[in-house]
Each structure stands twice: as structure tokens, then as C-alpha cells.
> 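Would you mind keeping the following structure in view while I ask a few things?
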2 protein chains.
Amino acid sequence: MESEMKTDIDVPVKATRVSFDVVEVLRALDGAGVTEVAEELDLPRSTVHDHLRTLEQLELVVNDDGTYKTGTRFLEFGGYARQRMKVFEVAKPELQNLAEQTGEHSNLMVEEHGRGVFLYKTEGQNAVKLDTYNGYRVHLQTTALGKAMMAHMDEENVRDILDRHGMPATTDRTITDEDELFAEFEEIRERGYAIDREERVRGMICIAAPLLNDDEVLGAISVSGPKNRMQGERFEEEIPRQVLRIANVIEVNMTHA
Amino acid sequence: MESEMKTDIDVPVKATRVSFDVVEVLRALDGAGVTEVAEELDLPRSTVHDHLRTLEQLELVVNDDGTYKTGTRFLEFGGYARQRMKVFEVAKPELQNLAEQTGEHSNLMVEEHGRGVFLYKTEGQNAVKLDTYNGYRVHLQTTALGKAMMAHMDEENVRDILDRHGMPATTDRTITDEDELFAEFEEIRERGYAIDREERVRGMICIAAPLLNDDEVLGAISVSGPKNRMQGERFEEEIPRQVLRIANVIEVNMTHA
DNA sequence: TAAAATTGTACGGTATTACCGGAACGGGGG
DNA sequence: CCCCCGTTCCGGTAATACCGTACAATTTTA
């Protein structure tokens, strides 16, 4: 039972990787002391201390009287990167409309390094509390958003991603079979939107539409809500129609405005 | 006219600092090639390349066919750090109310490493486009939010911060004199809220109230809008009353809930 | 069209330094 | 008051970050 926290890939500058590992541990443990981090990474305390001091001076980490925590400076970089993305700027107001209309969560996801990144989420009046936050990363095939994107990507690219990241299950309904997944892509392309029936989180249903520009996949948007509200005509017709309409608006604004 | 991009402080692990410098350059240039970054940092191309490859493998940077950009993974760390902060969770819904009531921008700021960090902002119907984004950092004394916080911090602590970061002006109205600043703290404490009259951005006025828990400064919230709307009875009475009321609600929820 | 320059990338040597073990420091609890 | 735990400091050494050089690919110039 090893708590595989270290990134075991080989990188040209190893010290940077170690520093980054330290940050990851801090996040995983919700803040920790030098010794705690050292044990987690199986490194000498003094080494970890060097990295923590470095990170603190770079203002990436906060030293709160002995316990170190990840700082908000990451937000600065991330917030900037996001704001620069056109798809975010265009989709944001539309997603707010979508959340208002449906009363549920609405989300924007993009693909990066073969992973699904929640770039933005906003809540309607009835939205339940969710585990996701801005920047949260998931395996693409566990979400309707990810499946909507993959369905419109090159097959070769998709195979690469699946090889690289695998297909781990997060609930007993997560798709873990590659053939099954590709079969669903077919449906998604015909239907125009993707569905997640409790495949990432138990009790949550999600309907997602891709954002396309010719052959390019810009991202995907979705509405998600609890199972008991996502059924019948609302699930079959109303929500999909709303999601597709907004997706179309975003696509148009992306190419024109 | 040097473009002082390198962080010139001495850190235990220098390689980490270099990697971080590279990221900063990428952000400053909105994405750049190896050569461009190397020139900016006055380093050999090969060295920069090593760092970029490392950062790419850590998924912190995206290689878009030769030009490198900062990735959204920073958002993951930042988003997580933020979500963990109680003041954010408590303040978020209240700020949305505040923005709705006033129709203007409303903001949440916390202090970190002596700097002011915009932790959250939300826009009312009439809100003008602003240069800030989540995670954006400013010098404390340039904003009403920062001044509201400093007015309730230990004087020693405030002097430290001013020494460390200086008091650069961003408009011709920015306070650059230490005595003047401390005199204003007096007013702020009496009045209960702080005012920014075009001190950070020309044309923008801001009213901010601190979030306190006994002697501890948790952060500050504000409403900001264009000069022509922030005047008369609305500026003197209405907005301050709303800001103070919401600040009080947040303070109560912080200690009790 | 050809040549020349620029760019991203790869590789190996070497001086630097990241890493480590050990010791000192400080604070909280018994 | 003393003990113990966690943090910090320090100096030696093996590892490696950095650099010069080279190559392929693309773009620019002649």
C-alpha cells in the first residue's frame, strides 16, 4: 500500500520535479510540516526543507507557523492562463444563462495533456454541492464532457490518451472497456450530445455538447444534476435542447466575434 | 530600461527558481518560443529548453508546436487552495448578492506574502470590464481593499510590508507617502470602511470593508464601479451601508457556521 | 531557386549544487 | 525543570544543472 505521490517520470531538471512533488504533497495533505512531507516523499528532512524554503520565497507556498500550505499564487498563473483563453471568455456568460435556465450546474471543460479540465462552472438555484472546482482534472472518459470531446477527436489521438492515462473507474458505472467507449462515440456523434449516467459520481447525471470549429475540438459544455431531477421529458428533450442551443451560440461567437 | 524578469532573490534550490522564472516569462509574453525565453532571461537556449521540457512533462506548460504557453494546471492548484479557504466559501454567495444589489463589481481580497490577492470577483449587470482576474495580485496600498486590511493590522507588520514591496504608484492619485497612508488608516478605522478614488485605476472608485475576527484580519470585500456612478448619496450612504452589512454577515458566518 | 539565417531539439563534459547526515535550536507538555 | 518532537542550520560529496556545440527543419533573404 504505497502512497505513490512522486511523479516517477524522468525529466531533464530533477530539482524542479522534486519541488513540484512537494507542492503536490502539500495539496494532498491539506498543508503539512517538513517531516510529514519528507516521510511522504521518502526524502531527508533537510532536502524537503530546502525546497519548501525555495517555494516560500517564490511565494508559491505559505508558511503558517511551521505548517506549509499551497498559496494562492498558483491561482494567479491559472487565472491568467484561463482568462487568455477565448473559449472561456465567450462561454462564461452563456453558461451563466444556462445555469439560470435550468437551475442546475453548468460546466465548461477543455482537454489538456489528455486530461479533462473543468475550466469554469457555475451554479443554478437548485444546484447541489459538487466535488469539482475550477481547474479540477478528470479522466476524459469518466464524464459526458470528456466523451463529447473524444467523440470528435482523431481516433489515433484518443487511443494515445487512453494508453497514457488508462481507464480507471470512479463508480461501478464508469466505462472501462475501450470497445464499448468507441461504440458510444458513434451514438454521441449521431445524437449530437453525450450523457453521463452516474459514471463519475454516484447519483449525478450529466448532459454535454461539444464545442467544435470545423474539425477542431475547442471544448465541451454541460448541465449536470441529481438523478431524481434528470429524467423524463426534461432529461430526454428539454435539457439537451438547451445545452445544444447554447453550444451553438458559443461556437458562432467563437468564429465570428 | 531593463525588463527585470528574473527573480533576483537567493533561494536554496536554484533550479526551481529558474523553472519558475521561465513560467513567469511565458505568462508575461503570452506564450513564447525557446529562443525568446532564453533571450529574456539571458540564458543559453539549451538550458531553457531543459526547463521547458520539464515543465511540459509536469503538465504545467503546454507545447503548442514550438511555442510554449502556461497551462491550466496552475488553476488546479490555485482552485484547490482557494476552495479550502473558509473565507472564500462563506463570502462567495454573499458577494453574489452584493453584486446583484448594486449592479457593480464586488470583490474579495486576502493578504498573502504582503500582497493583496483578488480571491474572487463577481459582476453585476452594469459592471464594466476590469483588468483584474482571480488570483491577481496588487500592492495593498493601491486599493481600498488593501487599505481596509492594513488599517486593522499591527503597525509593525504594515511597515514590514511597505519596506518589502515599496509603494509604487499606478495612477497619479496612488498614495505614495507613508505618513499620509497611516493617517488614512485612522479615518478608515473610525469610518468603518475604506475608499479608493482612482488610486489604482483611473476612473474607478471602490468602497471596501474589512473582514475581522477579533484582532485577526481575514480579508476584505468591496464594491467598485466607474466614477460617474459612484457619487452623491449612493456613494456616501447606500453602497457603504450595503458593503458593511454584507461584511458583517460574512464575519458572523465565519465564526459561527 | 538556392543559400543563409533562425528555430527547436539533442548530447556530452564539467563546474556547480542539490542532496544528505548530523547537530543545534526552539517550543510545548509533562 | 527537563524531555521530546519538529524545525532549522551547516559542510562534504556525489550527482546534475548548466553550457557549448551540433543537427534537422523551417523561414527568410538574395
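Naming convention: chains lettered A, B, ... in sequence-line order (proteins, then strands); numbering from 1 in each chain. Computation of the quantities below employed the complete heavy-atom set of this structure, encompassing side-chain atoms and omitting hydrogens, waters and symmetry-equivalent molecules.
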> Taking 4.0 angstrom as the limit, do A:R27 and A:E40 come out as a salt bridge?
no
> Please state whether the phosphate of D:dT8, meaning OP1 or OP2, lies under 4.0 angstrom from any side-chain nitrogen or oxygen of A:Y68.
yes
> Going by ring-ring contact (aromatic ring centres under 6.0 Å, His included), name the residues that satisfy it together with A:Y133, two or more places apart in sequence or in a different chain.
A:Y136, B:Y80
> When you match A:G33 and A:T16 each to their closest nucleotide on DNA chain D, which lands nearer the 5' end?
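The residue mapped nearer the 5' terminus is A:G33.
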> Contact class for B:D65 (heavy atom, under 4.0 Å): base, sugar-phosphate, or nothing?
nothing
> Set out, in order, the CA-CA distance, both residues' side-chain angles and the distance that settles side chain to side chain contact (heavy atoms under 4.5 Å, CB included) for B:E111 and B:M150, then state yes or no.
CA-CA 9 Å; B:E111 179 262 342; B:M150 289 174 114; over 6 Å; no
> Just the rounded figure in Å: distance from C1' of C:dC20 to CG of A:D42.
13 Å
> Of the candidate nucleotides D:dT8, C:dT9, C:dG21, which contains the atom at the shortest distance from the side chain of A:P44?
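For A:P44, the side-chain atoms sit closest to C:dG21.
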> Roughly, in whole Å, what's the span from CG in A:L41 to P in C:dC20?
11 Å
> Let me know the distance between CG of B:L43 and C1' of D:dC19, rounded to the nearest Å.
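From B:L43 CG to D:dC19 C1': 10 Å.
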> Could you state the CG-P distance from B:L52 to C:dA10, rounded to the nearest angstrom?
12 Å
> Just how far, in rounded Å, is P of D:dT7 from CG of A:D50?
14 Å
> Under the ring-ring contact (aromatic ring centres under 6.0 Å, His included) test, which residues partner A:Y120, sequence neighbours left out?
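Applying ring-ring contact (aromatic ring centres under 6.0 Å, His included) to A:Y120 gives A:F88.
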> With a cut-off of 6.0 Å (strictly less than), are more than 12 heavy atoms of other residues, nucleotides or ligands near CD of B:E180?
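More than 12 within 6.0 Å, yes.
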> Measure NZ/B:K14 against C1'/D:dT16 and give the value in whole Å, please.
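Atom NZ in B:K14 sits about 14 Å away from atom C1' in D:dT16.
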> Out of C:dA18, D:dT8, D:dG20, which nucleotide sits closest to the side chain of B:V13?
C:dA18
> Between A:D196 and A:T143, does the side chain to side chain donor-acceptor pair (under 3.5 Å) criterion hold? Intermediate values first, please.
CA-CA 6 Å; A:D196 160 15; A:T143 65; over 6 Å; no
> Would you mind reading off the distance between B:H49 atom NE2 and D:dA22 atom C1', rounded to a whole angstrom?
14 Å
> Answer with base, sugar-phosphate or nothing: what part of the nucleic acid does B:R45 contact at a heavy-atom distance below 4.0 Å?
base
> Taking atom CG of A:L52 and atom CG of A:N63, what is their separation to the nearest 0.5 Å?
8.0 Å
> Bend angle of the helix from C:dT1-D:dA30 to C:dG30-D:dC1 from five-pair axes at both ends, rounded to 10°?
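Rounded to the nearest 10 degrees, the bend comes out at 40°.
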> In terms of side-chain heavy atoms of B:T47, which of D:dA17, D:dC19, D:dT8 is nearest?
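The nucleotide sitting nearest to the side chain is D:dC19.
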> Expressed as a whole number of angstroms, how long is the span from A:D10:CG to D:dA17:C1'?
14 Å
> Counting only heavy atoms not in B:D215 (residues, nucleotides, ligands), do more than 12 fall under 6.0 Å from its CG?
no
> With the side chain of B:S46 defined as its heavy atoms from C-beta on, choose the nearest nucleotide among D:dT16, C:dA18, D:dC19.
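Of the options given, the side chain of B:S46 lies nearest D:dC19.
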> Mind checking B:T35 for me? I need base, sugar-phosphate or nothing, with any heavy atom below 4.0 Å counting as a touch.
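Result for B:T35 = sugar-phosphate.
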> So, OP1 or OP2 of C:dT9: does either fall under 4.0 Å of a side-chain N or O from B:N63?
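Indeed, a polar side-chain atom of B:N63 lies that close.
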> Which residue, A:R53 or B:H51, contacts DNA chain D at a nucleotide closer to its 5' end, judged by nearest heavy atom?
A:R53
